[in-house]
Amino acid sequence: MDHAADVHKTDLMTITRFVLNEQSKYPESRGDFSILLNHIVLGCKFVCSAVNKAGLAKLIGLAGETNIQGEEQKKLDVLSNEVFIKALISSGRTCILVSEEDEEATFVEPSKRGKYCVVFDPLDGSSNIDCGVSIGTIFGIYMIKDGSEPVLEDVLQPGKNMLAAGYCMYGSSCTFVLSTGTGVNGFTLDPSLGEFILTHPDIKIPKKGKIYSVNEGNAKNWDGPTAKYVEKCKFPKDGSSSKSLRYIGSMVADIHRTLLYGGIFLYPADKKSPNGKLRVLYEVFPMSFLMEQAGGQAFTGKHRALDLVPNNIHERSPIFLGSYDDVEEIKALYAAEEKKE
């Protein structure tokens, strides 16, 4: 038995230790936020375990229901949604929950209420479950005004008002990426300890990347700037190398790769989906928050993504996010298009 290695294991920066260290920087903190994050982490561990044994436990396959987006629900989606709603309510720190799977927002009963609103997609990319591709949970956290009764407007705020955002990716390893507004940190689940360990401290996205990520199957419906940008990625006229196309079709996995390696992720509006496909509150905002915190940018085709003010909880938006210089290029193409008009 390697005792030296075991001793080292007790000195690791776990996510609990990390969050408590952050909390200690704010003497006035009562620990509510730390407790809430702890419950989110617990939900992620539970879903990770369910994802890992999905085939054995007959959790793959359809649940026979259709969610609010008109997508057929997987059994794992249903389970993940229930897990997170229970974990968040039992924390005693939440007042409003918005899930991709539920048509209406959930208002927590007064006896279990706290001051935080959590928006989340419990299992993003679930169409990939059956073939073993990485999937994940995405979340964002807002706070209600002190002493006020929670109302839906408390979550219909611009993304720049978020306190924290993150995702948990269930893939070859289980990775939890978090920002509380002071940079981005990545943690990997050590199954032998059942703990998330800090493995990617202070993630910074490269200023320019060599990868673009987009569903080219929609190319015939794209607008001019998107088509021009992708053409430029493939056939650069300045003598530089072409960019590589990498598209997984699971947002968490595509964004995780973009954060670590640089490049750009595009989900533009097109003729079929004039408002884009991705949901503002629990997909666009958390990922844009993380991207900006890591030194990148997020743009909707008109303005900064985090300045958007959603009108309803399932609103959609186009999104371009990634390395600072790459997003600057697409912004320039949209600006040139606007001048023509």
So, are Lys234 and Glu216 salt-bridged, with charged N and O less than 4.0 Å apart?
yes
Where is the tightest heavy-atom contact between Ile96 and Ala105, given as atom of each residue plus distance?
CG2-CB, 4.0 Å
Look up atom CZ in Arg279 and atom CG in Asn312, then write down how far apart they are to the nearest 0.5 Å.
11.5 Å
For residues Ser99 and Glu101, is any side-chain donor paired with an opposing acceptor at under 3.5 Å?
no
Which value, rounded to the nearest 0.5 Å, describes the distance between Arg93 atom CZ and Ile40 atom CD1?
13.0 Å
Donor-acceptor pair, Glu100 side chain versus Asp121 backbone, under 3.5 Å?
no
Carboxylate-amine/guanidinium contact Lys208 Glu328, below 4.0 Å:
no
Check: Ser49 side chain, Lys45 main-chain N or O, donor-acceptor pair, under 3.5 Å
no
Under 3.5 Å, side chain of Ser179 to main-chain N/O of Gly181, donor-acceptor pair present?
yes
Any idea which heavy atoms bring Val280 and Ser317 closest together, and the distance?
CG2-CB, 3.5 Å
Checking Asp32 against Arg30 for the salt bridge (charged side-chain N to carboxylate O under 4.0 Å, His left out) test, could you report, in this order, the C-alpha distance in whole Å, the side-chain angles of both residues, the deciding distance, and whether it holds?
CA-CA 6 Å; Asp32 288 351; Arg30 299 207 325 266; 3.0 Å; yes
Would you say Lys210 and Ser241 make side-chain contact, with heavy atoms under 4.5 Å?
no
Just by modelled atom types, is the Ala227 backbone N or O under 3.5 Å from a matching donor or acceptor in the Glu231 side chain?
no
Tell me the closest heavy-atom pair linking Asn128 and Gly249, and the distance in Å.
ND2-O, 3.5 Å
Are Val309 and Leu163 in one and the same hydrophobic cluster, where Ile, Leu, Val, Met, Phe, Trp and Tyr link if side-chain heavy atoms are under 4.5 Å apart?
no
For the pair Arg304 and Glu292, find out whether any cationic side-chain nitrogen is under 4.0 Å from an anionic carboxylate oxygen.
yes
Do the side chains of Leu308 and Leu152 join up, straight or via other hydrophobic residues, at under 4.5 Å, putting them in one cluster?
yes
Rounded to the nearest 0.5 Å, how far does SG of Cys117 lie from CD1 of Ile141?
10.5 Å
For Phe46, does the CZ atom sit with more than 12 other heavy atoms under 6.0 Å from it, leaving out its own atoms?
no
Has the side chain of Arg113 got a donor or acceptor atom that lies under 3.5 Å from a matching backbone atom of Cys95?
no
With a 4.5 Å limit on heavy-atom distance, are the side chains of His303 and Thr300 in contact?
yes
Taking the side chain as every heavy atom from C-beta outward, state whether Ser213 and Arg257 have any atom pair closer than 4.5 Å.
yes
Are the side chains of Phe84 and Cys44 in touch, meaning some heavy atoms are under 4.5 Å apart?
yes
Taking the six-membered ring for Trp, is the centroid-to-centroid distance between Tyr167 and His256 below 6.0 Å?
yes
Nearest heavy-atom neighbours spanning Ile313 and Glu103:
CD1-O, 3.6 Å
Show the numbers, then the answer: is there a side chain to side chain contact (heavy atoms under 4.5 Å, CB included) between Thr94 and Leu36?
CA-CA 8 Å; Thr94 58; Leu36 173 60; 3.6 Å; yes
On a heavy-atom basis, the closest approach of Pro236 and Ser242 is CD-OG, 3.7 Å
What residues, two or more places apart in sequence or in another chain, satisfy side-chain hydrogen bond (donor to acceptor under 3.5 Å, both in side chains) together with Lys204?
Asp202
Write down the atom of Leu123, the atom of Ser80, and the distance for their closest heavy-atom approach.
CD2-OG, 3.8 Å
Report the distance from atom CD1 of Ile85 to atom OG of Ser90, rounding to the nearest 0.5 Å.
12.0 Å
Do Ile211 and Tyr247 come close enough that some side-chain heavy atom pair is under 4.5 Å?
no
Measuring from atom CD1 of Ile264 to atom CD of Gln297, what distance do you get when rounded to the nearest 0.5 angstrom?
9.0 Å
Side chain to side chain contact (heavy atoms under 4.5 Å, CB included) partners of Thr14, counting only residues at least two apart:
Thr16, Arg17, Glu195, Ile197
Calculate, to the nearest 0.5 Å, the distance between atoms CE and OG belonging to Met251 and Ser134 respectively.
15.0 Å
For the pair Tyr282 and His314, name the ring-plane relationship: parallel under 30°, tilted 30 to 60°, perpendicular over 60°.
perpendicular
Sort out for me which residue in Tyr229, Phe320, Phe265 forms a side-chain contact (heavy atoms from CB on, under 4.5 Å) with Asp326.
Tyr229
Under a 4.0 Å threshold between the charged nitrogen and the carboxylate oxygen, would Lys228 count as salt-bridged to Glu329?
no
Between Tyr170 and Thr137, is a side-chain hydrogen bond (donor to acceptor under 3.5 Å, both in side chains) present by the stated rule, with each step listed?
CA-CA 8 Å; Tyr170 316 111; Thr137 298; 2.7 Å; yes
Report yes if some heavy atom in the side chain of Asp270 is under 4.5 Å from a heavy atom in the side chain of Asp223; otherwise report no.
no
Single hit among Val155, Asn81, Leu88 for side-chain contact (heavy atoms from CB on, under 4.5 Å) with Leu97
Leu88
Evaluation steps, side chain to side chain contact (heavy atoms under 4.5 Å, CB included), between Val177 and Met169:
CA-CA 8 Å; Val177 174; Met169 184 175 73; over 6 Å; no
Pair Tyr261-Ser244, side-chain donor/acceptor within less than 3.5 Å:
no
Out of curiosity, does Phe107 fall in the hydrophobic cluster containing Val98 (side-chain heavy atoms, cut-off under 4.5 Å, transitive links)?
yes
Centroid separation under 6.0 Å, is that true for the rings of Tyr142 and Phe285?
no
Show your reasoning for whether side chain to side chain contact (heavy atoms under 4.5 Å, CB included) applies to Cys48 and Leu189.
CA-CA 9 Å; Cys48 178; Leu189 185 64; 4.1 Å; yes
Same cluster (ILVMFWY, side-chain, under 4.5 Å), Ile248 and Leu260
no
Donor-acceptor under 3.5 Å (Asp102 side chain, Glu104 main chain)
no
Report whether Tyr212 and Tyr324 are members of the same hydrophobic cluster (ILVMFWY, side-chain heavy atoms less than 4.5 Å apart, transitive linking).
no
Thinking salt bridges, do Glu22 and Lys25 make one under a 4.0 Å N-O criterion?
yes
Could you tell me if the side chain of His200 sits less than 4.5 Å from the side chain of Asn185, heavy atoms only?
no
Can a side-chain donor-acceptor contact be found between Ser323 and Asp325 if the only test is distance below 3.5 angstrom?
no
Any side-chain heavy-atom pair of Ile330 and Leu266 under 4.5 Å:
yes
Look at the aromatic rings of Phe18 and Phe187 and report parallel, tilted or perpendicular, splitting at 30° and 60°.
perpendicular
Could you walk me through whether Thr258 and Met291 pass the side chain to side chain contact (heavy atoms under 4.5 Å, CB included) test, one step at a time?
CA-CA 9 Å; Thr258 305; Met291 209 50 86; 4.2 Å; yes
